[in-house]
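Here is the structure we will look at.
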Amino acid sequence: LSMASLVLATNSIALSESRETSDQIAGIPEDVTLAVSDRDGNHIGSAVSIQIEGGYHWAVTNRHVAGNLNSVCLTSRMGKAYPFNVITASSNKAQKERLDIAFLWAPLAITQELPVATWEEQQETPGEILRIVEATGFPSSLSNPKDKPQLLKLKGLQVQLLDGELEEGFDTTYTAAVQKGMSGGGVFANNKLIAINGAHSDPLWPVEWRSRLGKPVEKALNMKLALVSIGISTRVIRRELRNAQVESTKTKNAHHPSK
């Protein structure tokens with residue numbers, strides 16, 4: 001889809017009121033995980049369709065995937081493309097630079113029957129988790145702009161290495177071997193969304209992880225974190241989603257002052 005189509009579709013705001021929050025279509029992991037591309041059609045990562053609220057469709061990806069883009073194209077495994085706007089998650093100015101979350105929104109009129117993920121209602125207490133999870137996404141090595149994006153599903157164990165959040169909101173660790181391009185894709189347990197991918201194991205360069213307060217983690221923990229994939233839980237995503245929705249309302253009102 002061209003950026004002209006994105007602008008026209010967004011500015012029209014021809015909302016499909018038939019799909020409000022109570023009528024959300026729940027989808028399986030394969031159908032709610034989407035490939036993310038820029039305006040030139042370059043594959044830049046993955047995302048998850050998560051919610052319908054107030055006449056808009058919401059998805060989530062990583063901040064490092066969306067970068068400084070104002071809009072992206074989300075493509076399903078069946079090749080259906082949808083233009084979405086980008087909002088970088090921020091509780092406040094100081095925290096904005098520490099959250100690796102970007103929310104994506106689009107009018108329902110252009111998302112049609114795109115389903116949303118089923119969220120896990122209540123996550124386990126830290127220290128009690130040792131369960132099979134499935135990480136989904138579209139690896140860069142398998143994503144050709146000329147073809148349908150190729151979805152990859154990888155199984156692993158969710159292992160609790162963290163007692164709290166790291167910088168950028170990372171708080172979920174698991175052994176699925178996430179690949180480049182799968183950032184922003186979903187992590188599911190029993191087909192329910194528990195997190196999104198953020199960082200893969202065996203990084204290309206050493207990473208010195210820090211707590212949410214900016215304090216370096218212990219060396220032993222840092223070494224363990226290099227051996228697993230690390231994501232951002234739905235607990236963090238839920239916390240930030242409301243702020244993003246408020247911010248998006250301001251943006252929409254600015255574009256449509258008569259509304």
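Values below: all heavy atoms of this structure, side chains included; hydrogens, waters and symmetry mates excluded. Position 1 is the first residue of the sequence; numbering continues from there. Not measured: the values here are computed from a predicted model.
Side-chain contact between Ser183 and Asn62: present, with at least one pair of heavy atoms (C-beta onward) separated by less than 4.5 Å. Inter-residue side-chain proximity for Ile194 and Gln158 is flagged as met; some heavy-atom pair is nearer than 4.5 Å. Here the side chains of Ile196 and Ile237 are in contact, with some heavy-atom distance below 4.5 Å. When side chains are defined from C-beta on, Thr136 does not count as touching Asn197, because their heavy atoms never get closer than 4.5 Å. Counting only heavy atoms from C-beta outward, the side chains of Phe138 and Val36 never approach each other to under 4.5 Å. At least one side-chain heavy atom of Val228 sits under 4.5 Å from a side-chain heavy atom of Leu161. In this structure the side chain of Val187 reaches within 4.5 angstrom of the side chain of Tyr174, judged on heavy atoms. Looking at heavy atoms from C-beta onward, Leu225 lies out of side-chain contact with Val207 at the 4.5 angstrom threshold.
The two residues Ile230 and Phe170 make their nearest non-hydrogen contact at CG2-CB, 3.6 Å. Of all heavy-atom pairs between Leu152 and Met182, the closest is O-CE, 3.8 Å. Contact record, Pro149 with Ala35: CB-CB, 3.8 Å, taken as the closest heavy-atom pair. Closest approach of Thr75 and Ala81 over heavy atoms only: OG1-CB, 4.0 Å. Closest of all the heavy-atom pairs between Ser46 and Gly137 is OG-CA, 3.5 Å. Heavy atoms only, all atoms of each residue included: Ala117 and Trp119 are closest at O-CD1, 3.4 Å.
Summarising the geometry, atom CD belonging to Glu240 is positioned 10.0 Å from atom CZ belonging to Arg235; distances are rounded to the nearest 0.5 Å. Expressed to the nearest 0.5 Å, how far CG of Asp31 lies from CZ of Arg77 amounts to 4.5 Å. Note that CD of Gln150 and OG of Ser140 are 13.0 Å apart. Values are rounded to the nearest 0.5 Å. The line from OG1 of Thr173 to CG of Leu227 is 11.0 Å long, rounded to the nearest 0.5 Å. Rounded to the nearest 0.5 Å, atoms CG (Asn85) and OH (Tyr56) are 9.5 Å apart. If you take NE2 on His57 and OH on Tyr82, they are separated by 8.5 Å, rounding to the nearest 0.5 Å.
One N or O on the side chain of Thr175 and one on the backbone of Leu157 form a donor-acceptor pair closer than 3.5 Å. No side-chain donor-acceptor contact under 3.5 Å links Thr33 to the backbone of Leu151. Under the 3.5 Å distance criterion, the side-chain polar atoms of Thr234 are left unmatched by any main-chain donor or acceptor of Ala195. Formation of a donor-acceptor pair under 3.5 Å by the Asp38 side chain with backbone atoms of Asp40 is found in this model. Under the 3.5 Å distance criterion, the side-chain polar atoms of Trp209 are left unmatched by any main-chain donor or acceptor of Ala226. Between the side chain of Ser229 and the backbone N or O of Ala176, at least one donor-acceptor pair lies under 3.5 Å. Of the possible polar contacts, none joining the Asn191 side chain to the Ile28 backbone as a donor-acceptor pair under 3.5 Å is found. Of the possible polar contacts, none joining the Thr61 side chain to the Val65 backbone as a donor-acceptor pair under 3.5 Å is found. When atom types are taken as modelled, the side chain of Ser211 and the backbone of Lys215 share a donor-acceptor pair closer than 3.5 angstrom.
With respect to the salt-bridge test (charged N to carboxylate O, under 4.0 angstrom), the residues Glu165 and Arg210 do not qualify. Using a 4.0 Å cut-off between a side-chain N of Lys or Arg and a carboxylate O of Asp or Glu, Arg212 and Asp171 do not qualify as a salt bridge. The existence of a salt bridge linking Lys153 and Glu30 is confirmed by a sub-4.0 Å separation between a basic side-chain nitrogen and an acidic carboxylate oxygen. A salt bridge is defined here as a Lys NZ or Arg NE, NH1 or NH2 lying under 4.0 Å from an Asp or Glu carboxylate O, and Lys224 with Glu218 fails to meet this definition. Between Glu120 and Arg131 there is a salt bridge, since at least one side-chain N of the basic residue sits less than 4.0 Å from a carboxylate O of the acidic one.
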Exercise for review: Given ring-ring contact (aromatic ring centres under 6.0 Å, His included), test Phe84 with Trp58 step by step and report yes or no.
Suggested key: CA-CA 9 Å; Phe84 273 71; Trp58 288 85; 9.0 Å; no
For the pair Val236 and Ile101, evaluate side-chain contact (heavy atoms from CB on, under 4.5 Å) and give the outcome as yes or no after the intermediate values. CA-CA 9 Å; Val236 177; Ile101 301 174; 3.8 Å; yes
*Trace of the side-chain contact (heavy atoms from CB on, under 4.5 Å) decision for Leu193 with Val32*: CA-CA 10 Å; Leu193 182 68; Val32 300; over 6 Å; no
Determine whether Val217 and Glu167 satisfy the following criterion, side-chain contact (heavy atoms from CB on, under 4.5 Å), listing intermediate values before the conclusion. CA-CA 10 Å; Val217 303; Glu167 275 189 327; over 6 Å; no
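One hydrophobic cluster, built from ILVMFWY side chains closer than 4.5 Å, holds both Ile132 and Leu130.
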